[in-house]
Protein chains: 2
Amino acid sequence: MSSQARTANGAKGASDKRRLILDAAVRVFARQGFHACRVSDIADEAGVAYGLVYHYFDSKDEVLDTLFLERWNVMLDLIRTVDAEDKPVREKLLAIASFIVESYHHDPDLMKVIIVEVTRAANSFGDTHIGTIREAYELIGGMIVKAQEEGTFRREIEPRFAAMAFYGVIEQLLTGWIFDLLPQGEEHYERAKLLVVDIVCGGLEAGPA
Amino acid sequence: MSSQARTANGAKGASDKRRLILDAAVRVFARQGFHACRVSDIADEAGVAYGLVYHYFDSKDEVLDTLFLERWNVMLDLIRTVDAEDKPVREKLLAIASFIVESYHHDPDLMKVIIVEVTRAANSFGDTHIGTIREAYELIGGMIVKAQEEGTFRREIEPRFAAMAFYGVIEQLLTGWIFDLLPQGEEHYERAKLLVVDIVCGGLEAGPA
DNA sequence: AGCCATTGACTGACCAGTCAATCTATTCTC
DNA sequence: GAGAATAGATTGACTGGTCAGTCAATGGCT
């Protein structure tokens, strides 16, 4: 008996198993890739029976969908919050970059799965979630528009392109860590956050010339 | 591998069919994705019999490997050539960005396949070709080191991070076009080339402060 | 009369998803 | 509070379809 469950119903135990399966799926997807792994691998990793995966999820796809949406929605909330604040763009972009880098720091496997299996998968999953993904780009694009109106950023740059560039730098740094092409560790994560903002803002800011 | 060099026999027709299969594969992979398509789809698209694919290639994987290596090696050659030239970094990076953007302009399907199915596929293909991919990053990293030594770029930025950032911006712009999130057309391609260099150099250059 | 290109039906393995059976816990009845 | 009834959680063997890769036969060229 786990001492954590304090509610009267057995429903607590139920959601525990669901979580167990999701967490196991992250590890399995990260290790073997979504396509290469079997549903039985997830069940084994979670220490539950094969059929239980289908008790909580309609399909293998839905497991990945759930993982992606859980995390992406947290990020969208963060971006919306930051967007609503009254701060210089530089700080806003730093907050977003920090959040994403910290997400990787905290759970590299999950971020690997999201980037490799969803964000970049133009067919299959990318297609399903394109609307959700697009929303993030649009919010960032909006921040850039505002900075252009305030005169902080040069006006001649198409904001959508700038937003993509910003996100592209971050995602490529994560990819570098995922592939073990870049050195990792807290110190590097901190410097990476600043680098992202420096690079993008440096190129976008209205020069004093 | 390839018997193209063979002169005596009807090798000409042979290599034609091989090319036909590769070109068909690009279209099919781009449309359906590598995992979702069947080898018979490739054969149908090429207008040849199923078995012929296996006459020229050992496996479905080898078809993708061939497509990736063909293109990536052309890019590596370009980068090496540019690297050897005596030009300002800005021009070197512009040449590389231009080449990649033009590659997409010339054959969007092929670039989509390379990015979506290989470059970002940490498991499966990404893993197989990681060495080849890394080489490109290292060459770009080398250019940045040189620019730092010359005093054009700030020294405190880790060159590997800067190289990843540069490549990340480009790849994300292509991804934007692939997903139809960014407007396309010759004019936009031209502006994108400049944007990439502006952003990255703007953030890396030694400030006059 | 031989050699390679080409064909396409076939097979063997694999695996997502189903389902009937079993377990466990909570509530109901007297 | 014993026992029955109900509902949900959990199990894993099984099935049905899919497809990568094989191979024996055929075509075409020199």
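For the numbers below, each heavy atom of this structure counts, side chains included, while hydrogens, waters and symmetry mates do not. Reminder, nothing fancy here: chain letters follow the sequence lines and each chain counts from 1.
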With B/Leu93 as partner, the option from B/Ile170, B/Ile140, B/Val82 fulfilling side-chain contact (heavy atoms from CB on, under 4.5 Å) is B/Ile140
Roughly, in whole Å, what's the span from CG in A/Asp16 to P in C/dT24? 17 Å
I'd like to know if A/Lys92 pairs up with A/Asp86 as an ion pair, taking the criterion as any Lys NZ or Arg NE/NH1/NH2 lying under 4.0 Å from an Asp or Glu carboxylate oxygen. no
Is the shortest distance from a Lys or Arg side-chain nitrogen in B/Glu135 or B/Arg80 to a carboxylate oxygen in the other one below 4.0 Å? yes
Whether A/Tyr56 contacts D/dT10 is assessed here as follows: a side-chain N or O lying under 4.0 Å from the phosphate OP1 or OP2. Is that the case? yes
Is the closest basic N to carboxylate O distance between B/Asp23 and B/Arg19 below 4.0 Å? yes
So, using ring-ring contact (aromatic ring centres under 6.0 Å, His included) as the criterion, who are the partners of B/His105 when residues are at least two apart? B/Tyr189
Could you verify whether a donor N or O on one side chain and an acceptor N or O on the other, from B/Gln172 and A/Tyr137, lie under 3.5 Å apart? yes
Could you state the OH-C1' distance from A/Tyr54 to D/dA13, rounded to the nearest angstrom? 15 Å
Starting at atom NZ of A/Lys60, determine the distance to atom C1' of C/dC14, rounded to an integer number of angstrom. 12 Å
Distance alone, cut at 3.5 Å: any donor-acceptor contact between the side chains of A/Tyr104 and A/Gln184? yes
Contacts to DNA chain C from residues 31-53 of chain A, heavy-atom cutoff under 4.0 Å, which residues? A/Cys37, A/Arg38, A/Val39, A/Tyr50
Quick one: is C/dA5 close enough that its OP1 or OP2 comes under 4.0 Å of any side-chain N or O from B/His55? yes
Determine: side-chain N/O of A/Lys17 to OP1/OP2 of D/dT10, distance under 4.0 Å, yes or no. yes
Is any side-chain N of the basic residue among B/Glu102 and B/Lys193 closer than 4.0 Å to the acidic one's carboxylate O? yes
Mind listing the N/O atom pairs, protein and nucleotides 24-27 of chain D, below 3.5 Å?
none

